[in-house]
Amino acid sequence: MQYNHKEIEENWQKFWADNQTFKATNPAQSSDEGDADKPKYYVLDMFPYPSGAGLHVGHPLGYIASDIYARYKRHKGFNVLHPQGYDSFGLPAEQYAIQTGQHPAKTTEANITTYRKQLDKIGFSFDWSREVRTSDPVYYKWTQWIFIQLFNSWYNKDTDKAEDVSTLVSIFKKQGNATVNAVADAEIESFSSEAWKAFSKTEQEAILLQYRLSYLSDTEVNWCPVLGTVLANDEIVNGVSERGGHPVVRKKMTQWSMRISAYAQRLLDGLEKIDWPQPLKDSQTNWIGRSQGAMVSFDVDGGVSKGSTDIKLSYKELEALKELRLNLSKAEGILWDELKNKKGAAKFRKKYTIGAFLVDYVCLAKNTIVEFSGKEDEAARTAFFAKEGFNVVRFTNEEVTESVLKVVAKINNALQFPTVVKVEKAASTKKLAAYKIDVFTTRPDTIFGVSFMTLAPEHPLVSKIVTGAQKKAVNAYIKATAKRSERERMADVKTISGVFTGAYALHPFTGNKVQIWIGDYVLANYGTGAVMAVPCGDQRDYDFAKHFDIAIPNIFEGIDISEAAHTGKDGTKIANSDFLSGLKYKKALKLAIFEMEKRGFGYGKINYRLRDAVFSRQRYWGEPFPVYYKDGMPQMIDEKHLPIVLPEVEKYLPTEAGEPPLGRATTWAWDSRGKKVVSNEKLKNKTVYPLELNTMPGWAGSSWYFNRYMDASNETEFASKESLDYWKEVDLYIGGSEHATGHLLYARFWQKFLFDKGIVPVDEFAKKLINQGMILGTSAFVYRATPFIKSDCFTDHTSEATLNKLPVILVSKNLFTSDAEFEAIVKNEFLDKGFLTPDEADMIMIVKTAIHADVSLVNSSDELDIEAFKNQPINQDYKKATFILKDGTYFVGREVEKMSKSKYNVVNPDDIVEEYGADALRLFEMFLGPLEQAKPWKTSGISGVYSFLKKLWKLYVDENGVAVSKEKATKEELKILHKTIKKVAEDIENFSFNTSVSTFMIAVNELTALKCNKNEVLAPMLVLLSPYAPHITEELWSKLGNKESISTASFPIFDAKHLIESAKEYPISFNGKMRFTIELPLDLSKDEIEVAVLSDEKTIAQLAGAAPKKVIIVPGKIVNIVS
RNA sequence: GCUCAAGUGGCGGAAUUGGUAGACGCGCUGGAUUCAAAAUCCAGUUUUUUCGGAAGUGCGGGUUCGAUUCCCGCCUUGAGUACCA
């Protein structure tokens, strides 16, 4: 009986499908009590986008690894959830639809069918009953539902989580928005509760939109009017579209955005508790881009200079105050717990000095002091604070301990309606300084090095502060920069450009005048769109200052800045900086922020690079928004009317008016009375409204699918609470690293949001993640000779004719090692065959061109099938070509490249399965190398695992059928088995699948050598191998007489007693170099070993009479003799 | 520029509390079997050598009885990212 992979694999794949062998049971629905008792384990692959090209051998790599792990966990007694589905919304299907008019749903369906067939052939243990497709209305109903939840939420910084918008409304009703500490749009006008109640409904909605987690905003995008779509930055080259070269303008468009920035810190913190690859965590950390620094406000000069008269404290005094701050009384502690969470503008400090007084708490931004009453000098304090422009609120200890919430409410009220208005101080000095420039800096310690400021050309203040003389130059500059895309500006780092506005700002500490410039090295949408320039400490500022001849004051002690800025911070002392002089970075930083806060023009702040995510796409093939517009304001459709299904359109292009493709739909209006989508004609009716024309981006559906698998067919809920509580999170997630800052960041964001809302039980969706490496293709090349006339020999009449008579020549790879050799071979051929005269040969030069040959035409020895090559339609040029052969064969060159159709190096798994079987494919993909590493594919290597399978088969089956005996296994045979159990279990736990394949090979080789046919060894061996090669092991398992699938068998238990040895082949090294081995019993003592080794004749010979200086003996390991 | 990862035979790769470098497989060479081929089996395959050995894990140092493994400094390749203030 021969190993027939085709028959075996087909049979077992059918068996698994028919018996639903891998269907995972949720405890609630379980009739089988066995599964409910088992611990759960959730193994997930990143679901594929079903492209038209189908799978190549690189795609299943991760699936095979996860499948092995899933099967292993089943053997280990876990209830395993191992689902699969399709991320089936996407651009290629839409592009195809635009070109052919074919509905994307149709092509997607066809592609899915192909994918499924290909996947099934590899024998995965997926639970297909839980399949999801993001483009299926049954699924995207819940994507729309999540969108509504986001819309109905705002981010409360005080509780640090998302809350329902209704809580926000009730705060507005009671106290307006001054006390609200939210992550929201930048400039929201403040209003009182009375004002809120007086707003119209539309006005209220407009205000709420500024707080919602999914919100509409005017975002600047690259709009291409000709193509009628928004382009991504990388689709624009030199200001025109990459496709077609049409002009692109930057245009503000109303787009949906997601307030992911609210979760920046939690996304960062969460990384610490998940087991994800470090490089991936690093790139997320980078992407979030947290930087700690300060917000500083510079007044624009109105002509009055202002010196600082504030009382300063030495650093020592400040340190002493710090101590005080740490020791709080009970009441102080309670109140501080309430106040400390206030951030941004309402941030409180404790134990703070104002003038000569130490106050309990102060909010510097709002000029409000909170104190415990009963201090001796209360009258004097009140008077001084009032003079300085502070409001004071006082409480007794009792008030705080009895009801801290009442106290907080009073404080909130005081913050909002100050009794002392902060004008006195400002009036005298700042009357004319109407404008302020806020900047963010990570180096507030260098503030005394500021010699100018730079605003982004788009900064709103530019037009207000520019002086008459500079207006023309500034406007010209703004115009010029507006034409360039942001990417272009970023790419062009070398050119320094900028214009002086004519205006000056006042240095907040020194009162000195500093020039205000605009320059495109400052980006409008990072930070505040303005920087304080410290040329001595920042290279960009330095270059700018040099270029425009602006002063570069040096504030670093003993540092030479004549050539470049000094950007290092550790170890350098600050100089020429008033109270910061003599301090090092850390202390200077703290003190600078401290002083800024005290004087009220700055505060410590953390900035993130992470920007809110634009959520609208002007595309057809995506989830429609459950949104209609009433009086211009977006309205959510009630969840009971979901899904809102994608409408039919006759063309998948934008409309002539520039609307997205959904603008072509004729049935795309919301009947708010009938609660359904109706024809656009009904828009005349008062209760019918237009629906949103954008669709959601690709990442919408993939940001929560892992939760859906837990309860995939639930029609009434996102997923039932019981199933979410049972499966909780993905235990093992396998997929490519290209999703590091896309899918994996957005999915974490949504999971945290869903957690805040109490919908899911955990706030990180995947405990462990592994990035599988890419499988690269091994391209094959043929070498074509391209003749050119040498430039100095060029004459019109000869050249054309000479070149035209030359045939196409292809030279076999190992005939040449250099370009010169190649040229010589080709010229000789031309001369031999009489195509060229020697004179002509001197006139031309031959250039070698490597051309991709289809890898399917090349065998494992790199020999090209020339006839087949000539007959390929794409190779018509070579139909009559001359092939210069080596030993009668054309050898191709090889190079490792990314697997892609255009490189003709794609290997289809179907062909491999056909020839060698799925088990061989699975083993081989694992055998290639470590899972995480990129590695080249070479089909020839598969013969190794294929003959392994044949050898394995022969251990169990001979010509007459099963040949396994019930005899007792020998010690040696048991040792092989247990050695294998140990190694394979360790390898799987460590995801080191490549090494376990070689362990199997060793075991089979050894058992074959022993002619072992004992069931006692061979049966457990099958279970060990079954995660890797499930078909052949099922077959042999049933041949051994088992009725149940091998997947129900439990993993063999390792018993160390079989590995105990009595003797060891000791390596004997001299000065660390192993020279020979001596076999010694393992129970010898150190001394006995030394005697045995030193008396051995090989040792004596090696020492050649010299006495060993030292003998190192590690019993059971090694002997090292130092001589 | 910055961040991260990796450099071991002809090739993929193995070797972790520092202890026999090159497991396992491909490829190649020779042999057996065969009319022949496929398949299968056996032997060999890091380099060098005066056949005793000697050298050897990107390069240069260091720690150690002993380093592919730990430390310092470089080089190369790959990936990500960038006027981020």
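The analysis underlying the following values was restricted to heavy atoms, covering all of them including side chains, and did not include hydrogens, waters or symmetry mates. Lettering of chains follows the sequences in order, A, B, ..., and the numbering in each one begins at 1.
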With a 3.5 angstrom cut-off on both distances, give the Watson-Crick or G-U wobble partner of [N], or none if there isn't one.
N: B:rA39; answer: none
N: B:rC26; answer: B:rG10
N: B:rU20; answer: none
N: B:rG66; answer: none

query = Relative to each other, are the rings of A:His507 and A:Phe509 parallel, tilted or perpendicular (30° and 60° limits)?
reply =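 Tilted: the ring planes of A:His507 and A:Phe509 meet at 30° to 60°.
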
Between [options], which nucleotide gets closest to the side-chain atoms of [X]?
X: A:Pro936; options: B:rG12, B:rC65, B:rU20; answer: B:rG12
X: A:Lys950; options: B:rC84, B:rU40, B:rU81; answer: B:rU40
X: A:Val522; options: B:rG13, B:rU20, B:rA85; answer: B:rA85
X: A:Leu523; options: B:rC24, B:rA39, B:rC84; answer: B:rC84
X: A:Arg609; options: B:rA82, B:rG25, B:rA39; answer: B:rA82

query = If the P atom of B:rG56 is compared with that of B:rG62, how far apart are they to the nearest Å?
reply =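 Pairwise P distance, B:rG56 against B:rG62, rounds to 14 Å.
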
ask   = Side chain of A:Asn1120, base of B:rC65: donor and acceptor closer than 3.5 Å?
value =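 Answer is yes: a donor-acceptor pair is held.
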
So, are [X] and [Y] salt-bridged, with charged N and O less than 4.0 Å apart?
X: A:Glu272; Y: A:Lys281; value: no
X: A:Glu986; Y: A:Lys982; value: yes
X: A:Glu895; Y: A:Lys903; value: no

task = Just call it for A:Thr441: base, sugar-phosphate, or nothing, with non-hydrogen atoms closer than 4.0 Å on any strand.
result =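 Answer is sugar-phosphate: A:Thr441 comes under 4.0 Å of backbone atoms only.
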
message = Within 90° of 0 counts as syn, otherwise anti: where does B:rG44 fall?
response =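 Anti, since the glycosidic angle lies more than 90° from 0.
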
